[in-house]
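Here the structure comes first, spelled out in structure tokens, and everything after it is commentary.
From a predicted model like this one, the values you see are computed outputs, not experimental measurements.
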Amino acid sequence: MNIVKTRFAPSPTGYLHIGGARTALFAWLYARSNQGECVLRIEDTDKERSKEEYTKEIIKSFKWLGINFDDEVIYQSNNFDRYNEVINTLLKNGSAYVCNCSKERLSELRTAQESRGQNPKYDGKCRELNLERSDETVVRFKFPQEGTTKFTDIVKGNIEVKNNELDDFIIERADGAATYNLCVVVDDIDSNITHVIRGDDHVNNTFKQVNIFSALNKEVPVYGHVPMILGEDGKRLSKRHGALGVGEYAEMGILPDALKNYLLRLGWSKGDMEIFNQQEMEEVFKEGDFNQSPATFSMDKLLWFNKHYLDQLSAEQLIEGIELPEFDKSEYSKVVIETIRERCSSLNDFSLNSFYFFNDPAKYDDQLIGKHCNENTSDHMTLLESSMTSLEDWDQVSVKRVIDETVASLSVGFGKIGLPLRLALTGTVNSPSIDLVCSILGKEVTLRRLNSFLNRIKN
RNA sequence: GGCCCGUUCGUCUAGUGGUUAGGACAUCUGGUUUUCAUCCAGGCAACAGGAGUUCGAUUCUCCUACGGGCUACCA
């Protein structure tokens, strides 16, 4: 009995965007949860558009995601001879034929058909002509003209089309290079692919591919066409329509586990379950169900997953992930991390929310000063400053006591002292508990900032 | 235009020939918090429309509308 084998087959004409990443995740998980294998195949037969740098980028993205393919990476550009061999076989067994129709004739044919409201398709002019191959000719597949082509899709069920809807498509170009549908079938055969999990933009290709398998007398694999992902505007998510690459999510501070978990739940579910770590998804994927309709991407939910996975990490692990020189292995860094982590839902939030732990506020915002300070603030802060200056034990409890006493002696609300103080120390009005911030910053820094804040508001 | 596929809260989804149609994100309201965030509690919110089958349809069938895909000597 054959083991389950799937593949993910991107063309290296751009970075890996999240639609592709999800398709890959599904193909990979399908194999994993069935104790099978999944290979990566680079479909680089289009010499014009394929770039090696994209291949590298794609492989890098998978490494980051933690999706590890089995075997070596397959490059279609290494298989040209093999494709040629198969084309010869098809030619020999009467499943394909040489065609010398010019591009001009083809395009005239097409416009004529379209103007008549017909479905544009090749008219089969050369089908029975038995022409010789030359560098001006292409090879076409003899698509059956009667009956239907059908297959059972593991996500969409039975799909079928009338054969006369399709035409004799080209399998070898004039330059001798095989085309997509032929290459795919040959590689799927040679790699013993048992299950083809791919985007549903390929359903129409499947009709063609199924017939090539048959013409070659090979067993047709099982197909599973997963619906596309739509952008938040409801339009299809694609490279051309602003889909972000996996690398960009990494740069935003999204964790690979979070992205995987989010992507997994886009078009796949297992009851009410939301959270699946790597191990769980590998085990449980085959027990879930695919959804059949396109799903809309939601950054909010991605961030929610991200926060969830961020919460699982220790301060040490977080520091490793944060790309900011200030965060080192020091105790101070760890304290800062623990202090701000609850308000961070991405790795980048740590940078955003920690500035004032490492630097004095660059300048104070006029609007915030106007909003939170009045004519008494200066006196209040001066009083607080002197009480703090005489404080000997600088810890959170003592600092809190000094603030509370100042508030009480002035008979004002906490906000009249707390907010200006927060502004003075952090440059913002949102921060962790202010006494905590004071104690972390230390007496010297606290007083220095308080002092420059006083100078600022006295003007 | 033709062909293929789809349609449950704003979003991701569960689910069933008879359910108070469930969960999650977002949102709203309370509580905790000196702020923000977190956390806790609660609320709002959906079976696209029309026929048919049936004692009964969100669930089955058909039609319409809407959405997505494909329609290359791209992949």
Side-chain angles (χ1 to χ4, degrees), chain A residues 9-13 43-46 48-50 76 99 101-103 106-107 110 113-121 137-140 153 155-157 159-162 164-167 169-181 183-184 199-207 225 227-230 232 234-236 262 265-275 289 291-305 307 311 340-345 349 353 372 400 403-404 407 413-419 421-423 426 428-435:
Chain A
S11 59
T13 55
E43 308 216 321
D44 55 354
T45 54
D46 182 346
E48 305 279 298
R49 300 198 300 144
S50 299
Q76 288 194 321
C99 167
C101 293
S102 66
K103 287 189 183 178
L106 261 21
S107 101
R110 191 168 318 144
Q113 287 164 330
E114 279 170 357
S115 70
R116 269 179 270 137
Q118 289 174 334
N119 197 19
K121 50 187 253 196
T137 60
V138 300
V139 176
R140 289 182 182 271
D153 192 280
V155 354
K156 291 176 184 289
I159 303 181
E160 68 171 276
V161 75
K162 291 192 197 66
N164 61 20
E165 291 293 337
L166 294 163
D167 66 356
F169 57 94
I170 292 171
I171 55 176
E172 184 188 275
R173 303 186 191 99
D175 67 1
T179 61
Y180 171 74
N181 285 111
C183 301
V184 166
D200 75 359
D201 48 337
H202 286 294
V203 259
N204 292 274
N205 287 324
T206 308
F207 299 126
H225 288 97
M228 305 272 89
I229 299 177
L230 309 180
E232 302 201 62
K235 297 278 175 230
R236 178 193 178 181
Y262 174 69
R265 291 285 294 102
L266 219 47
W268 179 91
S269 62
K270 184 173 188 292
D272 280 344
M273 293 172 71
E274 294 283 350
I275 303 291
D289 293 303
N291 210 73
Q292 320 196 39
S293 47
T296 304
F297 181 84
S298 161
M299 193 65 200
D300 279 339
K301 191 144 188 183
L302 207 209
L303 284 172
W304 178 79
F305 276 109
K307 174 104 178 86
D311 287 346
I340 62 173
R341 64 182 304 160
E342 70 188 16
R343 65 199 67 225
C344 296
S345 49
D349 283 349
N353 290 320
H372 300 286
K400 180 169 175 19
I403 298 174
D404 285 343
V407 167
F414 191 97
K416 289 280 183 286
I417 302 294
L419 281 169
L421 178 59
R422 172 168 287 119
L423 187 53
T426 69
T428 74
V429 287
N430 302 329
S431 79
S433 175
I434 195 61
D435 43 13

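At whole-Å resolution of the value, CZ in A/Phe169 and P in B/A75 are 13 Å apart. As rounded to whole Å, 17 Å separates atom P of B/G69 from atom CG of A/Asp153. Atom CH2 in A/Trp304 sits about 7 Å away from atom C1' in B/C25, given to the nearest Å. The nearest whole Å value for the distance from the CD1 atom in A/Ile229 to the P atom in B/G67 is 20 Å. When rounded to the nearest whole Å, the span between CD1 of A/Ile170 and P of B/A75 equals 11 Å. Note: OH (A/Tyr180) to P (B/U71) measures 11 Å, nearest angstrom. Rounded to an integer number of Å, the gap from CE of A/Met228 to C1' of B/G69 is 8 Å. One interatomic measurement links the two molecules: CD1 of A/Ile403 to P of B/U35, which rounds to 14 Å at whole-angstrom precision.
Residue contacts shown for A/His225 are absent, as no nucleic acid heavy atom lies under 4.0 Å away. Across all strands shown, A/Pro432 has heavy atoms under 4.0 Å from base atoms, whether or not it also approaches the sugar-phosphate. Residue A/Lys162 is out of contact with every strand shown, counting any heavy-atom pair closer than 4.0 Å. Within the 4.0 angstrom heavy-atom criterion, base atoms lie near A/Cys101. At the heavy-atom level, A/Asn205 lies under 4.0 Å from base atoms of the strands shown. When heavy atoms are screened at a 4.0 angstrom cut-off, A/Val429 is found touching base atoms of the nucleic acid.
Mapping A/Gly415 and A/Asp289 onto RNA chain B via the closest heavy atom, the residue that lands nearer the 5' end is A/Asp289. When each of A/Glu342 and A/Glu43 is assigned the nucleotide of RNA chain B with its nearest heavy atom, A/Glu342 is the one assigned upstream, toward the 5' end.
Between B/A24 and B/U58, the distance separating the two P atoms is 26 Å to the nearest Å. Nucleotides B/C5 and B/C9 place their P atoms 23 Å apart, quoted to the nearest Å. Separation of the P atoms belonging to B/U64 and B/G30 is 50 Å when rounded to the nearest angstrom. Atom name P, nucleotides B/G68 and B/U11: the rounded distance is 14 Å, in whole Å. Look at the C1' atom in both B/U59 and B/U8: the space between them is 11 Å, to the nearest Å. Nucleotides B/G23 and B/A37 are separated by 25 Å at their P atoms, to the nearest Å. Across B/U61 and B/U54, the matching C1' atoms stand 12 Å from one another, rounded to whole Å. Across B/A41 and B/C60, the matching C1' atoms stand 42 Å from one another, rounded to whole Å.
With sequence neighbours excluded, no residue satisfies salt bridge (charged side-chain N to carboxylate O under 4.0 Å, His left out) with A/Arg140. In terms of the salt bridge (charged side-chain N to carboxylate O under 4.0 Å, His left out) criterion, A/Asp300 has no residue partners (sequence neighbours excluded). Legend: residues meeting side chain to side chain contact (heavy atoms under 4.5 Å, CB included) with A/Ala178, ordered by chain and number and at least two apart, are A/Tyr83, A/Ile87, A/Leu182, A/Cys183. Judged as a side chain to side chain contact (heavy atoms under 4.5 Å, CB included), and not counting sequence neighbours, the contacts of A/Glu114 are A/Arg110, A/Pro120. Annotation: side chain to side chain contact (heavy atoms under 4.5 Å, CB included) contacts of A/Asp153 (sequence neighbours excluded): A/Phe151, A/Val155, A/Lys156, A/Ile159, A/Tyr223, A/His225. Partners of A/Lys400 according to the salt bridge (charged side-chain N to carboxylate O under 4.0 Å, His left out) rule, which considers only residues two or more places apart in sequence or in another chain, are A/Asp404. With sequence neighbours excluded, the residues forming a salt bridge (charged side-chain N to carboxylate O under 4.0 Å, His left out) with A/Asp46 are A/Arg49, listed by chain and number. With sequence neighbours excluded, the residues satisfying side chain to side chain contact (heavy atoms under 4.5 Å, CB included) with A/Ser433 are A/Gln396, A/Asp435, A/Leu436. In this structure A/Ser293 satisfies the side-chain hydrogen bond (donor to acceptor under 3.5 Å, both in side chains) test together with A/Asn291, sequence neighbours excluded.
The partner of B/U59, taking Watson-Crick or G-U wobble pairs whose two distances both stay under 3.5 Å, does not exist in any strand shown. In this structure B/C66 sits in a base pair with B/G6, meeting the Watson-Crick or G-U test at under 3.5 Å. With a cut-off of 3.5 Å on both pairing distances, B/U20 has no Watson-Crick or G-U wobble partner at all. Across all strands shown, B/U34 remains unpaired; no Watson-Crick or G-U wobble contact has both distances below 3.5 Å.
Closest to the side chain of A/Asp300, from the set B/C25, B/U35, B/A75, is B/C25. Among the nucleotides B/C3, B/U38, B/A72, the one closest to the side chain of A/Pro120 is B/A72. With distances taken from any side-chain atom of A/Asn204 to the nucleotides B/U71, B/G69, B/U34, the minimum falls on B/G69. Side-chain proximity of A/Asn430 to the nucleotides B/G68, B/U35, B/A75 is greatest for B/U35.
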Pick out the pairs of N or O atoms, protein on one side and nucleotides 39-48 of chain B on the other, that lie under 3.5 Å.
none

I'd like a table of atom pairs between the protein and nucleotides 31-33 of chain B - only N or O on both sides, under 3.5 Å - with the distance next to each one.
none

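The base of B/G68 does not come close enough to the side chain of A/Asp201 for any donor and acceptor atom to sit less than 3.5 Å apart. On a pure distance criterion of 3.5 Å, no polar donor-acceptor pair joins the side chain of A/Asp44 and the base of B/A75.
When atom types are taken as modelled, the side chain of A/Ser345 and the backbone of A/Leu303 share no donor-acceptor pair closer than 3.5 angstrom. A/Lys121 places a side-chain N or O within donor-acceptor distance of the main-chain N or O of A/Asn164, the cut-off being under 3.5 Å.
Considering only heavy atoms from C-beta on, A/Gln292 stays 4.5 Å or farther from A/Asp200 through its side chain. Side chains of A/Asp167 and A/Phe169 form a contact here, defined as non-hydrogen atoms less than 4.5 Å apart.
For A/Thr45 and B/A75, the shortest distance from a side-chain N or O to OP1 or OP2 is below 4.0 Å.
Taking the six-membered ring where tryptophan is involved, the planes of A/His202 and A/Tyr180 are essentially parallel, since the angle between them stays under 30° and well short of 60°.
Note that CG of A/Asn119 is 6.0 Å distant from CD of A/Glu165, once rounded to the nearest 0.5 Å.
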With B for base contact, S for sugar-phosphate-only contact and - for none (protein heavy atoms under 4.0 Å), nucleotides 5-13 of chain B reads SSS---SBS
